[in-house]
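What follows is a short report on a single structure.
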Amino acid sequence: MIVRIASVQVPPERIDEIVSRYRETVRPIHQQSEGLRNHYFLVDRHSGQMRIMGFWDSQEALEAAMPTLEPARERLWSEFQETPTLEAYEVADQIYELQ
């Protein structure tokens, strides 16, 4: 399993606006992406820190989603002039199987 994490600092007062736009633009693509097991959008409303985590079956599943996922993700962040850092990690161990 692969976890892709986007991290970004935003003005705290814009969190709800960003989450709402994510739900309109990126979430529908995530919902149709084969190999995406789960997805979390984490926010700290005090500091403005956001973490967006997607759990993928494999690196190949993530790469297969990129042609449709990346343009939507780039549109979302260009609206807010923010640039998240992106990292991907292999899951080496887990306690519970993600549903």
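This is a predicted model, so every value here is computed, not measured.
- Here the shortest heavy-atom pairing between Val3 and Ile5 reads CG1-CG1, 3.8 Å.
- In terms of hydrophobic clustering, with Ile, Leu, Val, Met, Phe, Trp and Tyr side chains grouped at heavy-atom distances under 4.5 Å, Ile52 and Phe80 are assigned to a common cluster.
- Between the CE atom of Met53 and the CZ atom of Arg4 there is a distance of 13.0 Å, given to the nearest 0.5 Å.
- Here the side chains of Thr83 and Val8 are not in contact, with every heavy-atom distance at 4.5 Å or above.
- Residue pairs meeting the salt bridge (Lys or Arg N to Asp or Glu O under 4.0 Å) criterion with at least one partner in residues 74-85, sequence neighbours excluded, are Arg21-Glu79.
- Of the inter-residue distances, the one linking Ile29 atom CD1 with Leu36 atom CG reads 12.0 Å to the nearest 0.5 angstrom.
- The structure places OG1 of Thr25 at 9.5 Å from CH2 of Trp77, a figure rounded to the nearest 0.5 Å.
- In this structure, Leu86 and Arg73 have side chains that are in contact, with non-hydrogen atoms separated by less than 4.5 Å.
- In this structure the side chain of Ile18 reaches within 4.5 angstrom of the side chain of Phe41, judged on heavy atoms.
- Under the 4.5 Å side-chain contact rule for hydrophobic residues, Leu69 and Met1 do not share a cluster.
- Considering all non-hydrogen atoms of both residues, Ala61 and Gly35 come closest at CB-CA, 3.9 Å.
- Sorted by first and then second residue, the pairs that involve residues 55-66 and meet salt bridge (Lys or Arg N to Asp or Glu O under 4.0 Å), not counting sequence neighbours, are Arg37-Asp57.
- Taking CZ of Phe55 as the start and NE2 of His39 as the end, the distance is 9.5 Å to the nearest 0.5 Å.
- Between His30 and Tyr22, the closest side-chain pair of non-hydrogen atoms falls below 4.5 Å.
- Between the side chain of Gln9 and the backbone N or O of Ser47, at least one donor-acceptor pair lies under 3.5 Å.
- Put simply, Tyr40 and Val91 are part of the same group of oily side chains (I, L, V, M, F, W, Y) that touch within less than 4.5 Å, one to the next.
- The local environment of CD in Glu34 is sparse, with at most 12 non-hydrogen atoms from other residues, nucleotides or ligands closer than 6.0 Å.
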Are Arg51 and Asp44 close enough, and set up right, to give a salt bridge (Lys or Arg N to Asp or Glu O under 4.0 Å), and what steps lead you there?
CA-CA 9 Å; Arg51 300 284 189 276; Asp44 180 327; over 6 Å; no
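- Ile2 contributes atom CD1, which lies 12.0 Å from atom OH of Tyr89 (distance to the nearest 0.5 angstrom).
- Residues Asp16 and Arg45 form a side-chain contact, since some pair of their non-hydrogen atoms from C-beta on lies under 4.5 Å apart.
- Counting heavy atoms from C-beta on, the side chains of Met50 and Val19 come closer than 4.5 Å.
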